[in-house]
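Step one of this worksheet: look at the structure below.
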Amino acid sequence: MEALEKLKELLPREQFEKIKAINNPELHAFLAEWIEWLEPDKVFVCTDSPEDEHYVRWKALYYGEEKMLETPNHTVHYDNYYDQARDKANTKLLVPGGKKIPFLNTKDRDEGLKEIKELMKGIMRGKELFICFFVLGPKNSVFTIPAVQLTDSAYVAHSEFILYRKGYEEFKRLGRNAKFFKFVHSAGELDERKTSKNLDKRRIYIDLVDETVYSVNTQYGGNTIGLKKPAFRLTIQKAVREGWLSEHMFLMRVNGPNGRKTYFTGAYPSMCGKTSTAMIPWENIVGDDLTFIIPVNGIARGANVEKGVFGIIQGVNPEDDPIIWKVLHSPVEIIFSNVLVKDGKPYWNDMGVPIPDEGENHSGKWWRGKRDKEGNEIPPSHKNARFTVSLEHFPNVDLEALENPCGVEIGGMIFGGRDKDTWPPVREAFDWKHGVVTMGAALESETTAATLGKEGVRAFNPMAILDFMSVPLGEYIENYLKFGEKLKKAPKIFAVNYFLRDENGNWLNHKLDKAVWLKWMELRVHGDVDAIETPIGYIPKYEDLKRLFKQVLNKDYSREDYEKQFTIRVPELLAKIERIEKIYREQVKEVPEELFEILEEERKRLLEAREKYGDYISPFVLEK
Ligand SMILES: Nc1nc2c(ncn2[C@@H]2O[C@H](COP(=O)(O)OP(=O)(O)OP(=O)(O)O)[C@@H](O)[C@H]2O)c(=O)[nH]1
Ligand SMILES: O=C([O-])CC(=O)C(=O)O
Ligand SMILES: [Mn+2]
């Protein structure tokens, strides 16, 4: 039977008409196949109308996946206690023959599709299926990628309305020409708290051939929100094939002297400061997690893939994050997830105000001192508890940049991670390739609560993207190196480290110091300040930072602090090169030879410097 005829049988008239209005046989076939397979009791097709969005929002409450809070438009959602982060082990790339690719979790495509189909057969009995259309990137632009989401979670659909641009009209406009991504999600059976129950059958399978992602028996956003991390695997593959960049990066405007606007991207692993950097007072946010960068007439132009924030709430306090704090306390549409709720108010760890001793949280009824099955004390909120809100509600959003179909010109690209002892707080690469290799491809960071598993382990995480990598790493890096050659003027590359510690484990920097590093980088993009040449790139001069600390933070910055922070730590840097080289030689294997040459040059520079100045080199010595 023809797909459209089948859909006519499967759907009530009103819903069918909405699908019929999109002239795309591939879409019809996909929907007919899956609606029949999932066996929902009810189907709702979302158009771009405010009524349809409202319907989804309402259903999240009606089905109990979200609850109302006291402030209008605020809701809370809980994920299962053991479903609080991305499940790396059960997230697999389906590739023909199950080809083993270093650092990628692959599975035979046929086997994977068979397994996921069996898990999903009839899984929506008794439930309502939401069919939603969105686009990645600004509408009607070189960045736009349409996507269709099927989900039985009104919470997931609701989150997507907050985070992505609506795409029903775009599907209608494109008709048969739409090349689109597909996402099929089911939260599976729910318990009495409306959280996914069958976590042993949690699976996130990415079909790279058919550009479709399946996610089942989970609700946590990182596993389920199709257009976020599931789509990211697909866009990385697409970007590498087509010669552009799809990155785990914030996008922000740094305001220079005399009204100058300079745009930066920044790639830091999950929970390592993208949101807190892009939200820093003084500057303007465009995006906080995912950026597309496309070469247009020799210029690298960037756009936010999303239009909202799925941000970490722990630690958000009125002093360090005044803007987020204010938005979280205003009556705009927000979903709080996995926070403590007492008398209709949300609370979270380290919020800088007193927190009640009991209430409801991700563990159910909670009291201070409560322990879980493993004997661990349960904090008020989960470390990976988050808030979901549209960027339009932030007073610091750069709306023009967010909506510009041509994106914005990227002046600088930053890499950073959780590194307690090796990299200085900020430095600039000698050139594109030096930055790509020694800052991007060599990135390491300690693991965090954004993924299930042990925290605080130093791990190789090139470009902060390893969790999402979907092509062989060597190909990804080659694409990066070549990208620079397509540009008349390549963005400057920088590396930052917010997480340096002293011998006693104390942070060497305050959370707001990054405001100064940003201003310095902005000046460097335009050649407005000199810098000190070191074996690992250019670092700031003390006088410039002293002036900027005063100007930006109204703080005195001492020579001692500067020296401690910017000392070139030769043994640690050499050890890092050893580790990275070994990983690329022995594990990744197929890598452009250039990567090894660039690492070798850096090693040589470090060895020569050690000969001259010793293991720990003060920046004042190098300045001379
Ligand atoms: N010590 C220290 N911690 C910081 C700093 N900046 C951010 N953090 C911590 O980093 C964590 C938050 O990182 P986010 O900015 O929300 O993370 P993100 O990179 O946006 O992560 P995802 O949304 O998971 O991709 C919190 O635990 C912050 O306290 C800093 O300058 N110093
Ligand atoms: O995708 C998520 O779960 C949230 C996020 O940004 C990340 O983990 O990098
Ligand atoms: Mn992220």
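These numbers come from the heavy atoms of this one structure, side chains and all, not from hydrogens, waters or symmetry mates. Atoms within a ligand are numbered from 1 in the order they appear, just like the ligands themselves. Position 1 is the first residue of the sequence; numbering continues from there. Source: prediction; values computed, not measured.
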Shortest-distance N/O/S atom, His248 versus the Mn ion (ligand 3) |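 Minimum-distance N/O/S atom of His248 relative to the Mn ion (ligand 3) is NE2.
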For the Mn ion (ligand 3): the N/O/S atom of Asp289 at shortest distance |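 Nearest N/O/S atom: OD1.
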Examine all N, O or S atoms of Lys274, backbone included, and report whether one is under 2.8 Å from the Mn ion (ligand 3).
->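 Given the 2.8 Å cut-off, Lys274 does not count as a ligand of the Mn ion (ligand 3).
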Taking any residue with a non-hydrogen atom under 4.0 angstrom from an atom of ligand 1, which ones do you get?
->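 Within 4.0 Å of ligand 1, the protein residues are His248, Pro269, Ser270, Met271, Cys272, Gly273, Lys274, Thr275, Ser276, Asp289, Ile312, Arg386, Arg418, Tyr498, Phe499, Trp507, Lys511, Lys514.
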Cationic N near anionic O, under 4.0 Å, Asp191 to Lys197 |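 No.
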Hey, are Asp513 and Lys555 close enough for a salt bridge, meaning a charged N less than 4.0 Å from a carboxylate O?
->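 Counted as a salt bridge, because a side-chain N and a carboxylate O are separated by less than 4.0 Å.
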Only one of Arg165, Lys229, Lys228 forms a salt bridge (charged side-chain N to carboxylate O under 4.0 Å, His left out) with Glu306, so which one is it?
->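 Result: among Arg165, Lys229, Lys228, Lys228 is the only option passing the salt bridge (charged side-chain N to carboxylate O under 4.0 Å, His left out) with Glu306.
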Answer yes or no: is there a side-chain heavy-atom contact under 4.5 Å between Ile285 and Asp398?
->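 A side-chain contact is absent here, since even the closest heavy-atom pair is not under 4.5 Å.
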Close side-chain approach of Asn384 to Asn338, heavy-atom, < 4.5 Å =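 Heavy-atom side-chain distance check fails, nothing below 4.5 Å.
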Per the side-chain contact (heavy atoms from CB on, under 4.5 Å) rule, which among Phe264, Trp520, Tyr263 passes with Val525?
->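 Only one option passes, and that is Phe264.
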Phe387: which of Val327, Ile324, Ile312 passes side-chain contact (heavy atoms from CB on, under 4.5 Å) |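 Exactly one candidate clears the test, Ile324.
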Short N or O contacts of ligand 2 with protein, under 3.5 Å, listed by atom name?
{"residue": "ligand 2", "atom": "1 (O)", "partner": "Lys229", "partner atom": "NZ", "Å": "3.2"}
{"residue": "ligand 2", "atom": "3 (O)", "partner": "Tyr220", "partner atom": "OH", "Å": "2.6"}
{"residue": "ligand 2", "atom": "6 (O)", "partner": "Lys229", "partner atom": "NZ", "Å": "2.7"}
{"residue": "ligand 2", "atom": "6 (O)", "partner": "Asp289", "partner atom": "OD1", "Å": "3.3"}
{"residue": "ligand 2", "atom": "6 (O)", "partner": "Asp289", "partner atom": "OD2", "Å": "3.4"}
{"residue": "ligand 2", "atom": "8 (O)", "partner": "Arg86", "partner atom": "NE", "Å": "3.0"}
{"residue": "ligand 2", "atom": "8 (O)", "partner": "Arg86", "partner atom": "NH2", "Å": "3.1"}
{"residue": "ligand 2", "atom": "8 (O)", "partner": "Ser270", "partner atom": "OG", "Å": "3.1"}
{"residue": "ligand 2", "atom": "9 (O)", "partner": "Lys229", "partner atom": "NZ", "Å": "2.9"}
{"residue": "ligand 2", "atom": "9 (O)", "partner": "His248", "partner atom": "NE2", "Å": "3.3"}
{"residue": "ligand 2", "atom": "9 (O)", "partner": "Ser270", "partner atom": "OG", "Å": "2.5"}

Report yes or no: do Tyr498 and Thr277 form a side-chain donor-acceptor pair below 3.5 Å?
->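 Yes.
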Polar contact flag, side-chain donor to acceptor under 3.5 angstrom, Tyr81-Asp372 |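 Result is yes, a qualifying pair exists.
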Are Arg233 and Phe468 in a cation-pi contact, defined as NZ or CZ under 6.0 Å from the six-membered ring centre and within 45° of the axis?
->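 Ring-cation test returns no.
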Just checking, Arg427 and Phe494: is the charged tip under 6.0 Å from the six-membered ring centre and within 45° of the axis?
->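 That pair does not qualify as a cation-pi contact.
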